[in-house]
Amino acid sequence: MNIQDLLLKDAMIMDLQATTKEAAVDEMVARYKDIGVITDDALYRKDILAREAQSSTGIGEGIAMPHAKDSAVQRATVLFAKSQNGVEYDALDGQPVYLFFMIAAPEGANDTHLQALAGLSSLLINPQLVADLKLAQTPEDVQELFAKAQAAKDAEDAKEEAEEAAKAQAAAATPADEQKPFIVAVTACPTGIAHTYMAEAALKETAAKMGIDIKVETNGSEGVKHQLTADDISRATGVIIAADKKVDMPRFNGKHLLNRPVIDGIKKPAELIQKTLDEEGSIFHATESQASEEASADKKTLWSRIYQDLMNGVSNMLPFVVGGGILMAISFLLEQTVGAHSTTFIFLNSLGNNAFNFLIPVLAAYIAISIGDRPALMPGFVGGYMASQATASVISSDSPAGFLGGLAAGFIAGWVIVGLKKVFKNLPQTLDGLKPILIFPVLGLLIVGFIMFFMVNPVFAQINLWLSTFLTHLGAGNALLLGAILGGMMSVDMGGPFNKAAYTFAIGVFTTTKDGSLMAAVMAGGMVPPLAIAVAATIFKNKFTGSERKQAFANYVLGISFITEGAIPFAATDPLHVIVSSVIGSAIGGGLTQLWQITVPAPHGGIFVAPLANHGLLFVLAVLIGTFVSALILGLWRPVAKEA
């Protein structure tokens with residue numbers, strides 16, 4: 001399959017009308033649907049936008065390469081689109097995008113498809129091709145330009161391959177002090193379709209211009225290509241890692257190494273090469289033995305992966321929590337006026353409850369899928385459902401395993417599938433197709449169900465019952481302390497592990513007991529940092545630069561909306577003053593909600609759900625007190641700003 005097979009004329013849009021990123025994606029997805037390349041435009045669009053959320057595919061120089069590989073795609077295709085006026089696409093260089101290449105790859109795309117897609121990516125590094133494409137008027141012009149570029153590249157590749165072989169022979173016979181400088185690199189991106197190969201091409205082209213020998217290993221969707229040998233690494237001056245995913249690192253022990261995002265390989269190849277030649281990269285140290293080094297790396301990776309897997313579950317669960325929780329809270333508010341038997345109350349309450357019924361299964365399913373990929377989805381979902389049922393265990397209990405049991409179900413299901421993949425990795429090729437349709441679903445469900453039924457549910461049902469009893473009988477002093485701790489945790493890292501741990505704990509209690517007291521504490525604690533910064537910048541103008549004051553004004557809106565992340569830019573530049581003052585104010589706000597026995601029956605919404613609280617005005621007062629305490633500390637403590 002060559003490039004022209006992918007660049008269908010019917011798919012091309014020679015005059016893209018969109019002026020925004022979302023509109024451009026919609027216009028291109030609609031064209032794919034119209035010509036039958038995709039069967040489900042909603043699924044494909046969702047996956048395109050999910051990839052954009054990782055990092056913009058607007059790679060600069062007026063080019064964007066949105067791409068997705070999913071079950072909606074019927075054949076590998078590249079949609080070429082050209083905008084006359086440019087589209088604001090959040091490109092990495094901040095400039096408008098004029099040329100679009102929307103790559104659609106089938107879920108089971110074979111190596112031929114991926115190699116063709118990789119070839120397209122490497123061609124676009126050629127500035128002359130890009131300039132000519134901007135002038136193209138017809139689909140035929142586009143195909144002709146790529147045909148010429150591909151032919152030229154094929155000839156160049158053949159020449160390069162011959163030169164590589166000759167270089168290897170010459171290097172063996174040339175004294176070390178007479179050889180050209182030599183470096184090695186690895187490129188990799190999460191999807192392995194575009195950026196991996198563009199970074200490879202950029203590094204190789206720049207190295208050739210600089211008179212440097214380079215060998216680039218690609219870790220893409222088609223697997224590892226041009227794998228670095230021990231001899232390559234040994235004789236290299238240094239190593240460049242341009243990657244956004246994990247690569248094999250222990251082999252670089254003792255080498256000067258630069259570890260950068262893959263986009264740096266595309267945008268800053270000369271800088272990376274020069275820094276490597278100057279040995280500016282720190283020396284990578286493996287442990288004394290290979291085994292202990294790998295164990296250490298796995299241990300380090302394990303904890304970061306646990307957080308990543310947990311957040312995958314929580315982030316996918318949150319829409320159910322927010323949507324269901326707020327609708328249920330509104331139904332309780334309306335119940336006081338329309339009655340418990342009105343259609344309005346029954347509709348809203350049942351709708352919210354229906355959403356809540358999915359919380360724990362969705363949490364478990366997406367933790368599992370983060371660990372074991374798609375085969376772990378079903379056993380994770382079922383395990384989560386079992387955790388949500390009061391009698392789904394070897395013992396009968398009025399209390400389900402609940403949120404904690406769902407967490408356990410997700411991790412168990414994910415690692416069970418990982419284990420099954422290892423057990424059956426050497427299955428004969430003829431039986432390989434049985435793994436996703438028979439072996440993983442049946443054995444995965446059987447093992448996860450057994451563990452949940454006989455071990456997890458009995459244990460966590462008792463833990464959950466104890467937790468509910470403890471919170472029910474929590475004294476006023478202890479409640480105030482717990483509220484202060486949870487509120488303060490919301491400000492420690494403002495969206496990081498401490499923040500998410502406090503929020504997740506409050507959600508767990510909320511889903512188990514339907515008691516929103518701790519939701520009030522974490523919501524107040526999370527609202528304080530951005531509000532405090534906004535207030536401090538308003539009152540203590542000399543403590544903030546002009547640009548900081550403008551940025552801080554937006555924190556009024558972010559703060560009342562319970563978006564703690566608005567404080568992050570200020571915490572990043574002045575962590576001591578901002579974080580300490582925020583933690584103090586948030587702890588006060590969280591503690592006051594418990595002192596005044598405030599409950600908020602909604603998991604999000606900030607000031608907009610205050611009317612749903614049992615003491616709405618007191619909730620607002622708790623937030624205001626925490627905010628002004630934090631703002632005063634920050635304003636008095638922070639040094640006078642120096643304008644740039």
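These numbers come from a predicted model, not from an experiment. Heads up: numbering here begins at 1 and tracks the sequence.
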Inset, instruction - Test V629 against I633 for side chain to side chain contact (heavy atoms under 4.5 Å, CB included), laying out the working first. - result: CA-CA 6 Å; V629 169; I633 294 173; 4.0 Å; yes
Legend entry - Residues K134, L99; criterion side chain to side chain contact (heavy atoms under 4.5 Å, CB included); working and verdict: CA-CA 7 Å; K134 289 181 179 179; L99 302 179; 3.8 Å; yes
Inset, instruction - Start with the C-alpha distance between R45 and V25, add both sets of side-chain angles, then the distance that settles side chain to side chain contact (heavy atoms under 4.5 Å, CB included), and finish with yes or no. - result: CA-CA 7 Å; R45 182 181 187 277; V25 169; 4.2 Å; yes
Inset, instruction - Could you give me the CA-CA distance, side-chain angles and deciding distance for R260 and I240, then say whether side chain to side chain contact (heavy atoms under 4.5 Å, CB included) is met? - result: CA-CA 8 Å; R260 299 289 183 83; I240 298 170; over 6 Å; no
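Side-chain N or O atoms of R549 include one that pairs as donor or acceptor with a backbone N or O of F544 at under 3.5 Å. Side-chain N or O atoms of E279 include none that pairs as donor or acceptor with a backbone N or O of H256 at under 3.5 Å. With T593 contributing its side chain and G590 its backbone, the two residues share a donor-acceptor pair below 3.5 Å. Here the side chain of Q594 pairs a donor or acceptor atom with the backbone of S517 at under 3.5 angstrom. No donor-acceptor distance shorter than 3.5 angstrom exists from the side chain of H615 to the backbone of I598, with no hydrogens or angles considered. S586 places no side-chain N or O within donor-acceptor distance of the main-chain N or O of G488, the cut-off being under 3.5 Å.
Under the side chain to side chain contact (heavy atoms under 4.5 Å, CB included) criterion, I233 pairs with L228, R251, F252, K255, not counting sequence neighbours. Under the salt bridge (charged side-chain N to carboxylate O under 4.0 Å, His left out) criterion, K267 pairs with E61, not counting sequence neighbours. D278 meets the side chain to side chain contact (heavy atoms under 4.5 Å, CB included) test with Q274, E280; sequence neighbours excluded. Residues passing the salt bridge (charged side-chain N to carboxylate O under 4.0 Å, His left out) test with D47: none are found, sequence neighbours excluded. Applying the salt bridge (charged side-chain N to carboxylate O under 4.0 Å, His left out) rule to E548 yields the partners R638; only residues at least two apart in sequence or on another chain are considered. Applying the side chain to side chain contact (heavy atoms under 4.5 Å, CB included) criterion to K268, with sequence neighbours excluded, gives D264, E271.
By the 4.5 Å heavy-atom criterion applied to side chains, Q597 and T599 are not counted as neighbours. The shortest side-chain heavy-atom distance between V620 and I607 falls under the 4.5 Å cut-off. Looking only at side-chain heavy atoms (C-beta outward), V239 and F284 stay at 4.5 Å or farther from each other. For the pair L482/L518, a side-chain contact is recorded, criterion being any heavy-atom separation below 4.5 Å from C-beta on. Inter-residue side-chain proximity for E52 and T57 is flagged as met; some heavy-atom pair is nearer than 4.5 Å. Side-chain contact between M519 and Y503: present, with at least one pair of heavy atoms (C-beta onward) separated by less than 4.5 Å. By the 4.5 Å heavy-atom criterion applied to side chains, L634 and F540 are not counted as neighbours. Looking at heavy atoms from C-beta onward, M249 lies in side-chain contact with L257 at the 4.5 angstrom threshold.
Within a 6.0 Å sphere centred on CZ of F101, other residues, nucleotides and ligands contribute more than 12 heavy atoms. Atom OH of Y556 has more than 12 neighbouring heavy atoms from other residues, nucleotides or ligands inside a 6.0 Å radius. Within a 6.0 Å sphere centred on CG of L617, other residues, nucleotides and ligands contribute 12 heavy atoms or fewer.
Scanning all heavy atoms of the two residues, the minimum distance from G635 to K543 falls at O-NZ, 2.6 Å. The minimum heavy-atom distance linking A202 with P269 is given by the pair O-CB, 3.8 Å. In this structure, K275 and L258 approach most closely via the heavy-atom pair CB-CD1, 3.6 Å. Residues S581 and S630 come closest through the heavy atom pair O-OG, 2.9 Å. Taking each heavy atom of V262 and A188 in turn, the nearest pair found is CB-O, 3.5 Å. Between G265 and L203, the shortest heavy-atom distance links the atoms O-CG, 4.1 Å.
Note that OG1 of T538 is 11.5 Å distant from CD1 of I533, once rounded to the nearest 0.5 Å. In this structure, the separation between CG on N85 and OH on Y98 is 7.5 Å, given to the nearest 0.5 Å. How far CZ of F562 is from CG of L531: 11.5 Å, rounded to the nearest 0.5 Å. Distance check: I212 CD1 to I183 CD1 gives 7.0 Å after rounding to the nearest 0.5 Å. Distance check: T564 OG1 to N555 CG gives 10.5 Å after rounding to the nearest 0.5 Å. Note that CD of E217 and CD1 of I241 are 8.0 Å apart. Values are rounded to the nearest 0.5 Å.
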